[in-house]
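Counting starts at 1 for both ligands and their atoms, following the listed order.
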Amino acid sequence: MRIDILTLFPEIALTPLSDSIIQRARDAGLVEVFGHNLRDWSEDKHKRVDDSPCGGGPGMVLQPGPLHAAITALKKANTRVILMTPQGIPLKQARVRELSQETHLLIVCGHYEGIDHRIIESLIDEEISIGDYVLTNGAIAAAVLCDAVIRLIPGALGDAQSAVEESFSDPNLLEAPCYTRPIDFMDMKVPEILLSGNHAKIAEWRNQQASKRTRKNRPDL
Ligand code: ADE
């Protein structure tokens, strides 16, 4: 897979993708990630890429010119073009799984009030939000999306099983609580059942606990 990230702040997007599991996936050649500065496509002598919103209001809007030039330069026949925006479709693990099968993602990062809507209508395949809150910068959201996608590329996670059994494999159930040694920590004990060696009982307990946790933390599921 190849991922290109178009942003005013390539370092913000790339830094979280330059260590640990994701960097190892990049080193292993499972994915190539490139950051591009939108200003490189500005024709303005001050490298300006934004202007005030038509119709008035606060903030600035990314102009269509530099975005059009950049996206058409970076886009290939098989590219999925994604815009990170709080106005997008909320990201779910099922969509992450689908995106991990793509060969080329071009991720466009919004900034300020947003990007000129004509670019969304003409060049963006889908708008994605990582949650119902507003970040200063779509590059942070792009890093989140990339991390979620790259870890699902076969070979990226050492233990393939850990991607199968985690939360949202079943989109309606969170994971059960987990414990490790010491068995007694500050007088708090690991549940006895987990030490029993009875795998059927342990699976049953985990299911019950997963349901309980889901009802408490995510009643919407
Ligand atoms: N840019 C700012 N906030 C965002 C969000 N919640 N999701 C995606 N992109 C964003």
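- For atom 9 (N) of ligand 1, the nearest protein heavy atom (residue, atom name, distance) is Thr85 N, 3.2 Å.
- Under 4.0 Å is where a charged nitrogen must lie from a carboxylate oxygen, and between Glu32 and Arg26 no such pair does.
- At least one heavy atom of Gly131 sits closer than 4.0 Å to an atom of ligand 1.
- A donor-acceptor pair shorter than 3.5 Å can be found between the side chains of Asp4 and His104.
- Ranking the protein heavy atoms by distance from atom 6 (N) of ligand 1 puts Tyr133 O, 2.8 Å first.
- Atom numbering of ligand 1 starts at 1 in the shown order; those under 4.0 Å from a heavy atom of Ile128 are 8 (C).
- The distance criterion of under 3.5 Å between nitrogen or oxygen atoms is not met by Asn137 with respect to ligand 1.
- Side-chain atoms of Ser42 never come within 3.5 Å of backbone atoms of Arg39 as a donor-acceptor pair (strictly under, hydrogens ignored).
- Side chain of Thr214 to main chain of Leu173: no donor-acceptor pair is present (N/O by atom type, distance under 3.5 Å, no hydrogens or angles).
- For ligand 1, one of its N or O atoms has an N or O atom of Leu135 under 3.5 Å away.
- At a heavy-atom cutoff of 4.0 Å, ligand 1 is contacted by both the backbone and the side chain of Pro86.
- The N/O atoms of Ile130, backbone and side chain alike, include one that comes under 3.5 Å of an N/O atom in ligand 1.
- Taking 4.0 Å as the cut-off, Ser129 counts as a neighbour of ligand 1 on heavy-atom distance.
- Under the 3.5 Å distance criterion, the side-chain polar atoms of Thr85 are matched with a main-chain donor or acceptor of Gln87.
- One finds no salt bridge joining Arg118 and Glu121 here, because no Lys/Arg side-chain nitrogen approaches an Asp/Glu carboxylate oxygen to under 4.0 Å.
- No salt bridge links Glu175 with Arg213; every basic N to acidic carboxylate O contact stays at or beyond 4.0 Å.
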